[in-house]
Amino acid sequence: PLARRDRRAGDAMRRAAGSAPALHRAADGAARALSPAFRAGVAVLIVVPRTRRTGLEALVAGVAAGMSARVLRDAIGRRRPGRRADGGFPSRHGAAAAAIARAVHRRNPPLGVVMAVAACAGLAGRVATAQHEPADIAAGAALGLAVERAAAAARRGR
C-alpha cells in the first residue's frame, strides 16, 4: 500500500508539472542544475581560505552519502518511474544534497538554509521529471542526514 501511494504521489506531481509547460521547464531546470550547482558551491567553499574547512566537510559528507546511497540503491533495485533501468531508492542526489546542505549549515546556518532550499527545488524537480518517486528522495535525504551526522560525530571524536 505504501508503494502504491508513493507512485500515486509521484504521478500527481508529474501530472501537475506536465499541465503547465513553464512549470515543467522550471522543474527540469532545477533537476538538471542540482548536481552541478552543489559541486560548484562546494568547490567555491574549498577554494576560499576562510570557508575551506566547511567545504571539505561538505565534500566528505556528500561523497560518503552518495556512495552509501549507491550501494543501497544497487542492492535494493527498486524501479524508477521513468525509462532508466537502474534503481532509484534511495536517491543519490537526495543523499548527497542533504548531507552537503547540513554540513554547510553546521558552520554557516544562513548558507545552509539556502542550500537546503535549493536542494528541495532540485529534488522536487527530479520527481516531477520522472527520475524518482517521492520516497526515493525522502529516503535519500534521510540517509544523507544520517551520514553527515556520523561524519560530524567522527570529527568530534578525534
Side-chain angles (χ1 to χ4, degrees), residues 1-45 57-106 108-152:
L2 290 176
R4 282 193 305 273
R5 286 186 183 134
D6 183 40
R7 297 264 183 216
R8 281 196 301 256
D11 288 342
M13 285 182 72
R14 289 184 280 281
R15 276 192 307 277
S19 69
L23 182 58
H24 189 269
R25 282 191 302 277
D28 185 53
R32 289 176 187 268
L34 177 67
S35 188
F38 270 61
R39 284 188 200 130
V42 170
V44 168
L45 288 169
E57 289 174 1
L59 175 66
V60 168
V63 169
M67 289 174 62
S68 298
R70 175 142 204 157
V71 168
L72 287 171
R73 182 189 80 183
D74 291 348
I76 294 168
R78 180 177 186 234
R79 188 180 74 71
R80 290 175 184 255
R83 298 175 198 210
R84 289 177 56 181
D86 59 333
F89 182 90
S91 164
R92 286 184 308 125
H93 286 87
I100 291 167
R102 180 64 184 119
V104 170
H105 187 269
R106 283 188 190 279
N108 185 335
L111 181 57
V113 168
V114 168
M115 293 187 87
V117 169
C120 288
L123 295 170
R126 293 184 67 77
V127 174
T129 57
Q131 296 174 54
H132 281 290
E133 297 293 6
D136 302 347
I137 299 299
L143 176 64
L145 293 174
V147 168
E148 189 282 330
R149 184 176 217 170

By side chain to side chain contact (heavy atoms under 4.5 Å, CB included), Arg8 pairs with (sequence neighbours left out) Arg4, Arg5

Heavy-atom closest pair (Ala58 atom, Val104 atom, distance to 0.1 Å) is CB-CG2, 4.0 Å

Rounded to the nearest 0.5 angstrom, the CG-CG distance for Leu23 and Asp28 is 11.0 Å

Looking only at heavy atoms, the pair that brings Phe38 and Ala97 closest together is CE2-O, 3.6 Å

### Test log, rule side chain to side chain contact (heavy atoms under 4.5 Å, CB included), inputs His24 and Thr129
CA-CA 8 Å; His24 189 269; Thr129 57; 4.2 Å; yes

Here the gap from Ser91 atom OG to Leu34 atom CG, rounded to the nearest 0.5 Å, amounts to 8.0 Å

Sorted by chain and number, sequence neighbours left out, side chain to side chain donor-acceptor pair (under 3.5 Å) with Arg106 holds for Glu148

Check your understanding: Does the side chain of Arg15 come under 3.5 Å of the side chain of Ser19 through a donor N or O and an acceptor N or O?
Key -> no

Between Met67 and Arg70, is any pair of side-chain heavy atoms under 4.5 Å apart? no

I'd like to know whether Leu111 forms a side chain to side chain contact (heavy atoms under 4.5 Å, CB included) with Leu45, so could you lay out the CA-CA distance, the side-chain angles of the two residues, the decisive distance to 0.1 Å, and finally the verdict.
CA-CA 11 Å; Leu111 181 57; Leu45 288 169; 4.0 Å; yes

Between Ala64 and Val147 the two heavy atoms that sit nearest each other are CB-CG1, 3.7 Å

Minimal heavy-atom distance between Leu143 and Ala95, with the atoms involved, is CD2-CB, 4.5 Å

So the salt bridge (charged side-chain N to carboxylate O under 4.0 Å, His left out) pairs with at least one residue in residues 127-141 (sequence neighbours excluded) are Arg7-Glu133, Arg14-Glu133, Arg78-Asp136

Here the gap from Asp86 atom CG to Asp74 atom CG, rounded to the nearest 0.5 Å, amounts to 8.0 Å

Margin query: Is the shortest side-chain heavy-atom distance between Pro110 and Asn108 below 4.5 Å?
Written below: yes

Here the pair of heavy atoms bringing Pro90 nearest to Gly140 is CB-N, 3.6 Å

Could you tell me if the side chain of Met115 sits less than 4.5 Å from the side chain of His105, heavy atoms only? no

ask   = Sub-3.5 Å donor-acceptor pair from the side chain of His132 to the main-chain atoms of Gly88, do we have one?
value = yes

**Prompt:** Do Arg32 and Arg126 come within less than 4.5 Å of each other through their side chains, counting heavy atoms only?
**Reply:** no

In short, Arg80 meets Gln131 closest at the heavy-atom pair NH1-O, 2.7 Å

